[in-house]
Every structure is written in C-alpha cells, then in structure tokens.
Amino acid sequence: MAETPPRALTIAGSDSGGAAGLEADLRAMTACGVHGCVAVTAVTVQNSLGVSGVHLVPPETVAAQVRAVVTDIGVGAAKTGMLASREIIDAVADVVDEVGIGRGPGAVPFVVDPVAASMAGEQLLADDAMEAIRTRLFPRAALATPNLDEVRLLAGITVTDAETAREAARALHAMGPRYVLVKGGHLRGSPEVIDLLFDGEQTWEFSGPRIDTPHVHGAGDALASATCAALARGATVPDAVAAAERYIRRAVAESYPLGAGVGPVSPLWAIDDALRARE
Ligand SMILES: Nc1ncnc2c1ncn2[C@@H]1O[C@H](COP(=O)(O)OP(=O)(O)O)[C@@H](O)[C@H]1O
Ligand SMILES: Cc1ncc(COP(=O)(O)OP(=O)(O)O)c(N)n1
C-alpha cells in the first residue's frame, strides 16, 4: 500500500467537453502529484464551440461537498473555478471560514480564479456575482488569478502593456488577496505572454514567447490548479506560481485540436512523455 498523497480541493463547474472546468482541474492536480477532490457548482453543456446550457447546483449542496471533503479527507489547499451565482459565492465564503480554508491562523491556502466568461465570451457568472467575488472571496484569498477580461470586469482597467498590467495588479491587490497573478494570455497581439505576480510590494514577472496555437481551452483552469497543487505540497505562493508557470507553458505547447472549435491544452503532457519513452 502506498502513502496517502497530498490533497487539494477544486470548487468548480463541470465542462462536458472535458477541456476546462473541474475536468481540467483534476487532470492538472493529478499531473502535479496531488489527489484532487471536487465540490461541483454547476453542470455546463459545453464543447469546443461554446457553452449552450448551465444547470446550477444548489448552494447548500456545494457547501456540503466542501464540508464532506475537508472534514474527512482533509486538503492542503483549495481553489475556485466557475462559481456561477452570487448565492453559491456566499455559500462558499461561509463554508471556507467554517472548515479552515482561507486566511485565518492555520488556514489552508485558498486560490480564487474569478472565472467570469468562457473563451467564446459566454457568461459563466451572474451579473450581481462580480461584487461578491470582490468583497467575499478576495479578502479570503492567498492568491487571485484573473485573466485580462476578468481584470477589466473586476477593476475596470484595460490592460494593454506592462504598465497597465502593474496598475491592474495594484488595484486588485487592494481588494484583499495576499497575492494577485494578472495573466497575460489574452493580450493576443503581443509576441510574448507575460504573467505578473504582485504581493503589494514585490513583483515577479513570468514571461515566455507566445506559443502559436488556437487551442488554449482550459489554460487558466490548469494554471490555477497546478498552483493549488504546489501549495498543497507545501510551496510558498511565489514558488507555487513559478512551478505552475513552467507546467502550463508545456501544457500549451502540447495543446491539441478537439471538435470543430477550440481544443484544450494538455494537462497530462507528462504522461505522453512517459508513454513515448516506453515505446
Ligand atoms: N499562446 C500561449 N502561449 C504561451 N502561454 C500561454 C498561451 N496562452 C495561454 N498561456 C498561459 O496560460 C495562462 C492562462 O491563459 P489565459 O488565456 O491568460 O487565461 P484563461 O484561460 O483563464 O482565460 C496564461 O497566463 C499563460 O501563462
Ligand atoms: C465549467 C467551466 N469552468 C471554467 C471555464 C473557463 O475555463 P478557463 O480555463 O478559465 O478559460 P477558457 O479555457 O474558457 O479560456 C469553462 N469554460 N467552463
């Protein structure tokens, strides 16, 4: 019998196409050496062409899943993905306080990925829920990981270059997260992708050439989950983000077509490496 591995929890929606959402989260956590647990918030009807339906899980069921996982299995870190509604965000904020996820003494780190829209622009978060992310989740977060569309919705800042990215990181940090990672994937004209981590004083820049692929579905989910996994293994936030950045670059480089639209990044690229080595 093997030892129990580190555990992490994703509080997220399901993507029937298996590219983003909790399906991407679990694959990324597995690839990063962590047993992933799930609190499902919503079932989406989704494929490579977009989202055509959303069915919400009752808020009390979302909270009950978190309680069931943490009180029995225990987790070293948790993350959010699609939270869908204000009511679910309120239930999550309450239950993470109850079970010791967040910022109190001895609390396990909480990564808030403020998922607001799908890659095709379909809304994944109700209009009145943005304010709840700002006021109820950000103050509990060790790390917030907005993409540039979410930066605009949350902070009202359109990022076009390094200076506006720094301005956005400062504005978002003032809303409460201990660290903010402004993800640069959506700055499509730029030959480099630059992600900026900020803790209120220090800035870390993670940059690399933009990989030429249209298939980036699930990139943000995999990045936040790899960070959450590294936190569950005991890394600091800057070290966890650095490890996740190395991981996501390779996942984007190994992305593949799937269906007629946008295909996924490859969270399990290390398995492909292992299989190739065995051939
Ligand atoms: N074309 C790309 N080349 C290299 N890295 C990328 C590319 N697209 C995305 N990434 C990486 O994936 C991360 C998440 O992608 P992004 O599109 O910014 O967020 P989301 O998937 O949440 O919309 C980026 O911050 C970046 O590190
Ligand atoms: C169920 C579900 N959750 C999250 C997303 C968004 O995924 P993300 O990796 O943040 O971004 P895109 O891949 O959509 O750019 C989703 N589509 N579905």
Side-chain angles (χ1 to χ4, degrees), residues 10-28 38-57 79-84 88 111-125 144-154 159 165 168 180-197 204-227 241-255 258 261-267:
T10 178
I11 308 170
S14 165
D15 166 10
S16 50
L22 67 87
E23 290 78 9
D25 293 348
L26 290 184
R27 288 205 293 270
V38 183
V40 187
T41 56
V43 174
T44 69
V45 182
Q46 189 170 172
N47 60 21
S48 72
L49 297 170
V51 179
S52 53
V54 176
H55 176 75
L56 300 194
V57 172
K79 76 166 278 279
T80 64
M82 174 185 178
L83 294 179
I88 292 177
V111 178
V112 174
D113 187 6
V115 173
S118 75
M119 71 207 162
E122 295 109 344
Q123 202 165 337
L124 296 177
L125 192 64
T145 62
N147 66 28
L148 296 188
D149 291 321
E150 290 149 1
V151 166
R152 194 171 24 79
L153 290 167
L154 287 160
V159 172
V180 175
L181 181 70
V182 173
K183 299 180 294 188
H186 289 206
L187 208 56
R188 299 240 149 75
S190 157
E192 274 202 309
V193 176
I194 304 177
D195 294 349
L196 213 65
L197 179 67
W204 294 258
E205 196 176 285
F206 302 95
S207 62
R210 178 171 294 276
I211 296 161
D212 185 17
T213 173
H215 303 305
V216 289
H217 198 18
D221 294 329
L223 176 63
S225 295
T227 308
V241 171
E245 290 279 342
R246 290 191 293 275
Y247 164 82
I248 197 67
R249 301 280 146 158
R250 186 71 196 279
V252 174
E254 303 292 335
S255 63
L258 189 74
V262 177
V265 301
S266 178

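Below, each value reflects all heavy atoms present in this structure, side chains not excepted, and no hydrogens, waters or symmetry copies. For ligands, and for the atoms within them, numbers begin at 1 and follow the listed sequence.
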*Among Asp221, Asn147, Leu148, which one has a heavy atom closest to atom 19 (O) of ligand 1?*
Asn147
*Among Arg249, Glu150, Lys183, which one has a heavy atom closest to atom 22 (O) of ligand 1?*
Lys183
*Would you kindly say whether Glu23 and Ser14 are connected by a side-chain donor-acceptor distance under 3.5 Å?*
yes
*Distance only, no hydrogens: is a donor on one side chain within 3.5 Å (strictly under) of an acceptor on the other, for Ser255 and Ser266?*
no
Starting from [atom], find the nearest protein heavy-atom neighbour and note its residue, name and distance.
{"atom": "atom 7 (O) of ligand 2", "value": "Asp221 OD2, 2.8 Å"}
{"atom": "atom 13 (C) of ligand 1", "value": "Leu223 CD2, 4.0 Å"}
{"atom": "atom 15 (O) of ligand 2", "value": "Met119 CB, 3.4 Å"}
{"atom": "atom 3 (N) of ligand 2", "value": "Gly21 CA, 3.5 Å"}
{"atom": "atom 11 (O) of ligand 2", "value": "Gly218 N, 4.5 Å"}
{"atom": "atom 18 (N) of ligand 2", "value": "Gln46 NE2, 3.1 Å"}
{"atom": "atom 15 (O) of ligand 1", "value": "Ala219 CB, 3.7 Å"}
{"atom": "atom 6 (C) of ligand 1", "value": "Val252 CG2, 3.9 Å"}

Distance (rounded to the nearest 0.5 Å) between [X] [atom1] and [Y] [atom2]:
{"X": "Arg152", "Y": "Asn147", "atom1": "CZ", "atom2": "CG", "answer": "9.0 Å"}
{"X": "Ile88", "Y": "Thr80", "atom1": "CD1", "atom2": "OG1", "answer": "12.0 Å"}
{"X": "Asp149", "Y": "Lys183", "atom1": "CG", "atom2": "NZ", "answer": "10.5 Å"}
{"X": "Thr44", "Y": "Leu124", "atom1": "OG1", "atom2": "CG", "answer": "7.5 Å"}

Is a side-chain donor or acceptor of [X] paired with a backbone partner of [Y] at a separation under 3.5 angstrom?
{"X": "His217", "Y": "Pro264", "answer": "no"}
{"X": "Glu150", "Y": "Ala116", "answer": "yes"}
{"X": "Glu254", "Y": "Ala251", "answer": "no"}
{"X": "Arg27", "Y": "Gly18", "answer": "yes"}
{"X": "Arg210", "Y": "Gly189", "answer": "no"}

Any nitrogen or oxygen of [X], side chain or backbone, less than 3.5 Å from one on ligand 2?
{"X": "Ser14", "answer": "no"}
{"X": "Gly220", "answer": "yes"}
{"X": "Gly13", "answer": "no"}
{"X": "His217", "answer": "yes"}

*asked:* Please evaluate residues Gln46 and Ser52 with respect to the criterion side-chain contact (heavy atoms from CB on, under 4.5 Å), reporting the C-alpha separation (whole Å), side-chain torsions for both, the decisive distance (0.1 Å), and the verdict.
replied: CA-CA 6 Å; Gln46 189 170 172; Ser52 53; over 6 Å; no
_Once you restrict to heavy atoms under 4.0 Å, what part of Leu124 touches ligand 2? Side chain, backbone, both or neither._
side chain
*Given that the side chain starts at C-beta and the backbone is N, CA, C, O, which of these parts of Ala42 lies under 4.0 Å from ligand 2, counting heavy atoms, or is it both or neither?*
neither
*Which atoms of ligand 2 sit under 4.0 Å from any heavy atom of Ala20?*
5 (C), 7 (O), 16 (C), 17 (N)
*asked:* Which of the numbered atoms in ligand 2 are under 4.0 angstrom from any heavy atom belonging to Ala219?
replied: 9 (O)
_With a heavy-atom distance limit of 4.0 Å, tell me whether Ile211 approaches ligand 1 through its side chain, its backbone, both, or neither._
both
*asked:* Working note: Ile11 + Thr41, criterion side-chain contact (heavy atoms from CB on, under 4.5 Å); need CA distance, chi angles, decisive distance, verdict.
replied: CA-CA 7 Å; Ile11 308 170; Thr41 56; 3.8 Å; yes
Quick one: which ligand 1 atoms are inside 4.0 Å of a heavy atom on [X]?
{"X": "Val216", "answer": "8 (N)"}
{"X": "Ile248", "answer": "12 (O), 27 (O)"}
{"X": "Arg210", "answer": "1 (N), 3 (N)"}
{"X": "Val193", "answer": "2 (C), 3 (N), 4 (C), 5 (N), 26 (C)"}
{"X": "Gly220", "answer": "14 (C), 20 (P), 21 (O), 22 (O)"}
{"X": "Glu245", "answer": "27 (O)"}

*Out of Asp195, Asp221, Asp113, which one pairs with Thr145 under the side-chain hydrogen bond (donor to acceptor under 3.5 Å, both in side chains) rule?*
Asp113
*asked:* Tell me whether His186 has any N or O atom under 3.5 angstrom from an N or O of ligand 1.
replied: yes
*What do you reckon, does Gly185 have a nitrogen or oxygen under 3.5 Å from a nitrogen or oxygen of ligand 1?*
yes
_When you measure from the heavy atoms of Asp195 to every atom of ligand 1, does any distance fall below 4.0 Å?_
yes
